[in-house]
Every structure is written in C-alpha cells, then in structure tokens.
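Structure record follows, encoded as structure tokens.
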2 protein chains.
Amino acid sequence: MSLRYALLGFLTTEQASGYRLTQEFGESMGWFWYASHSQIYPELRRMEAEGLVTSELDGDDGRGKRTYTITDTGRGEFDRWLVEDADYPPQRDAERIRLVFLDQQHPDVIAKHLRAHRDHHQRLLDIYADQLEQIRSGTFPRLRKRLASQPPESAELVTGLKALALEGNARRARTEVEWADQGLLWLTTCTTDESRRH
Amino acid sequence: MSLRYALLGFLTTEQASGYRLTQEFGESMGWFWYASHSQIYPELRRMEAEGLVTSELDGDDGRGKRTYTITDTGRGEFDRWLVEDADYPPQRDAERIRLVFLDQQHPDVIAKHLRAHRDHHQRLLDIYADQLEQIRSGTFPRLRKRLASQPPESAELVTGLKALALEGNARRARTEVEWADQGLLWLTTCTTDESRRH
DNA sequence: TAGGGCATGTAATTCGTTACATGATTGC
DNA sequence: GCAATCATGTAACGAATTACATGCCCTA
C-alpha cells in the first residue's frame, strides 16, 4: 500500500497528473520511493474508484491530460496512515549474498564489485549533497510549493523534516562508500600478505 | 532471481533440506536475504527441474525430509552469477515518505516514529555485533562449515568476507541509529524554540 | 518528415506475503 | 494425551518489472 500513500502525500501539496507524478517518482520523490508509470496510472484509477482522489480532464479535448486532486476522504486516510506504526520490511541485498560467496573467486572480481558499489553510492551521495544544498538555500521548487501550501508556523518543521530525510539518504550513501573503501583496503593488505607468504 | 542464487550459495557449502534452508533464511542468511518457506519449497522444485540441484528422500519412509544437493550445472550457473555486474534496485522506504509529510502532525508523533526507528536498528545492531564477535572468535557454526568445505589457502578470504558483509550491516544499523538520534535532538531544539516564541 | 517529449494506458510475468492445510515425531 | 517442533506443501493475492501499444504536439 506504500505507493498509494506516497501518491496521496504528494497530492497533499499540489494536484498533479499521472505523467507529472511519474516524473517526480522517477526523480526527487524517487530517492525515497521509486515507481514507474505502469504502476502509477492504474493505482490512481483505483484510488479514484475508492474516493481518495478525484480527476478531471484538462482542456476541451476528450482525451489527454488528467489532473488528480486529493479528496477529504483521501486526506483523512493519509493522516490515519501518518500516525500508524511502521513495519520494517525484511532485508534483501543481493550484493551481500554475492560478497559472502565470492571467496573462491579471484580478488580482482571482489575488487570490481566493491569499486562498483562505492561508485554507485558516491554518485547517489553527490546527488543528495546537491539536493540538500537546494533545500537549505530554499531553491528547491517542491519545498517552496510545500511551504506555500502549509500554515506558516510549520515552516521550520517542513524544511527541517525534508532536510532530515535527505540527510538520512546522504548518511546511508556515505556509509556505503566508506564501507566499500574499507573493504578494498582490507582486500589489498590481505592479498599482499598472501603473495608475500609464497 | 536472487533467491535462487542465495539458495545455490548456501548449497555450495553444504547440502540441506527445505526446512533447514527456511530456518537459515529466517535467521543468519536472513540478515542478507530473507525468504519464507512458501517461497523456498517451490523454488527448490523449480531448480531441480532445471538441473541446478538434485534431491533425495532421507530415511526409508516415502514421505518426509528431502535433502537438496547442488549439481555441477548449479555450481557453474552460480559462478557465472558471482562475476556478473550488480544491478542496484530502486529505493523504496515507506518511513521516509512518512517523515517528509509528517510536518502537520504533532511533534510527539514525529518523535514516536524516530524513536521506533532508532530502537529497531539498535536491536539489529546488537545482533550484528554479537554475530561479528562469533565470526571473529571462530565460534560461528556456518563459518566453520564453510572453512571446512573450501581450500585452506582461502581461509582468510572466507572469514574476511563474511566479517566484511556483517560489518556492512552493522554500519548501516549504526548509521540509522545515529541519524534518528540526530533527528530527535533537532526536534527537541526546534519545538523548544517554537514554544519560547509564544 | 522524423525524432523527441508529452501523455496515457494494458498485458504478461515474476516476486513476495499471508493464509490455509497436513502429517510425523518428540518431550513433558 | 497435548503441545511444540519438524517437515512439506498449495492457493490467493498484491506489488513490481518489462514489454507492448497508441496518439498528440513541437521543432530541427
């Protein structure tokens, strides 16, 4: 059900089309919850059928852009979800499995995987750092819309929470980079020792 | 396909029944890749049909414990997978979504979620620390079996990689705990300031 | 006029969860 | 005799990926 709540959350700030949501859930929202258009369009339809959102066609033409707006029912359902306890999903990390069983492969293969891991998370870290800068400097468009849509006394919370969330992602990425670097370092000393012994 | 490779990986160390695998993938292996019995049993059957594993019934009775053993085909397929490049799955974190939209809720609700987050990851961290201790002291049973099943010259790699993998999980958990604590601290100062202003 | 972005959908398949279901053995 | 654990399965459903499919509008 998380996609549903992610969509509702977005719609509490502004109304949007499926296309727009698809863009957001592939980019900024996507750093927290990724979703593709083939998942979003049917979900919006279901949500409309359940009265959580309403939609109307923009322009005069019969076919084309459909804009979704959250209803009071939708807001109520979203608020209910907000206070609900989290359930922490089980861990699933294919790369960890690989690493654990890589002990019979050439060290170069291990190094390849660790370097790719580090590079991947370094790229993410760069993006998060950039976004955090935009949040703090107030140039992030979605944040400005959120601030405008919410009562001014909650401005500090709005900004602070968005920053905290992104900060969390940045910390995660940094942790992965540092871990991979530690792994690469260990691998070097480990294989050097090994060759010295022969 | 990751469950398949996780199962194959386990079977490169020792043969096992579906039940045994279910236990392992709910515990130690489960820290990297969780799976339930309703997923494991059918997958083993499919893998047998594809020649990656073979099975035989233990004991004389017709029904009962079935032990699975990896085949050469299975080993080949697993080795092929080991060197393959990783693909990094999209991010999906329902708790982050919640946090970002929690700005209209009472600070107590935010604090509740952050505390639960910290506690959850602290519990994980305790488990990982304990397991790491067992790895380093050589009392971890699965590691001993792995060492016995692999050539002695790779002993350092076997132990080192398992420790590195767990160390990665521990780092992740520690990062989450620290992040949640930072969030709670910020929340306190933020809401104190707020009330002082009135 | 061809290619790219806008805009919306569906279908097939795979992956994972939850619930249902059964029977044997072991220890209190 | 009863409860727990061992041991194996299936069915229904939901979540997510990949591929297929269509049509508009703009601009190079």
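First the proteins, then the strands, lettered A, B, ... as listed; each starts at 1. Every value quoted in this text rests on a predicted model; they were computed, and no experiment measured them.
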Does the side chain of [X] get closer than 4.0 angstrom to OP1 or OP2 of [N] through an N or O atom?
| X | N | answer |
| --- | --- | --- |
| R46(B) | dT14(C) | no |
| R20(A) | dG5(C) | no |
| Y19(A) | dT8(C) | no |

(request) Quick one: sort the W31(A) and Y128(A) rings into parallel, tilted or perpendicular, breaks at 30° and 60°. (result)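 Judged by the thresholds at 30° and 60°, the geometry between W31(A) and Y128(A) is perpendicular.
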(message) Parallel, tilted or perpendicular: which one describes the rings of H121(A) and Y88(B), with boundaries at 30° and 60°?
(response)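 Ring orientation, 0 to 90° scale: perpendicular.
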Nucleotide of [options] approaching [X] most closely (side-chain heavy atoms):
| X | options | answer |
| --- | --- | --- |
| W33(B) | dG16(C), dT17(D), dA16(D) | dG16(C) |
| Y34(A) | dG16(C), dT8(C), dT17(D) | dT17(D) |
| R92(A) | dT17(D), dA7(C), dT17(C) | dT17(C) |
| P42(A) | dG16(C), dA16(D), dT10(C) | dT10(C) |
| P90(A) | dA19(D), dT17(C), dC6(C) | dT17(C) |

Nearest-angstrom distance from the residue atom [atom1] of [X] to [atom2] of [N]:
| X | N | atom1 | atom2 | result |
| --- | --- | --- | --- | --- |
| L57(B) | dA7(D) | CG | C1' | 12 Å |
| D87(A) | dT18(C) | CG | C1' | 13 Å |
| L3(B) | dA15(D) | CG | C1' | 17 Å |
| L21(A) | dA7(C) | CG | C1' | 13 Å |
| F25(A) | dA15(D) | CZ | P | 15 Å |
| E27(B) | dT5(D) | CD | P | 13 Å |
| Y41(A) | dT22(D) | OH | C1' | 13 Å |
| E50(A) | dG14(D) | CD | P | 11 Å |

(request) Return the 5'-most residue of the pair T22(B), E43(A) with respect to DNA chain D, ranking by each residue's nearest nucleotide. (result)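 So the residue in question is T22(B).
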(message) If you assign M1(A) and H37(A) each to the DNA chain D nucleotide with the nearest heavy atom, which residue ends up on the more 5' nucleotide?
(response)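 Taking each residue's closest nucleotide, the earlier one in sequence belongs to M1(A).
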(message) I'd like to know whether CG of D72(B) has more than 12 heavy-atom contacts from other residues, nucleotides or ligands below 6.0 angstrom.
(response)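 It does not: D72(B) CG has 12 such atoms or fewer within range.
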(request) Look at the side chain of H113(A) and the backbone N and O of L82(B), then say whether any donor-acceptor pair between them is shorter than 3.5 Å. (result)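 Flag set: sc H113(A) to bb L82(B) pair under 3.5 Å.
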(request) Could you tell me whether the side chain of R96(B) and the main chain of A165(A) form a donor-acceptor pair under 3.5 Å? (result)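 Yes, the answer is positive, given that a donor and an acceptor are paired below the 3.5 Å cut-off.
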(message) Quiz question: going by heavy-atom distance under 3.5 Å, is there a donor-acceptor pair between the base of dT18(C) and the side chain of S38(B)?
(response)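 Result: at least one qualifying N/O pair found.
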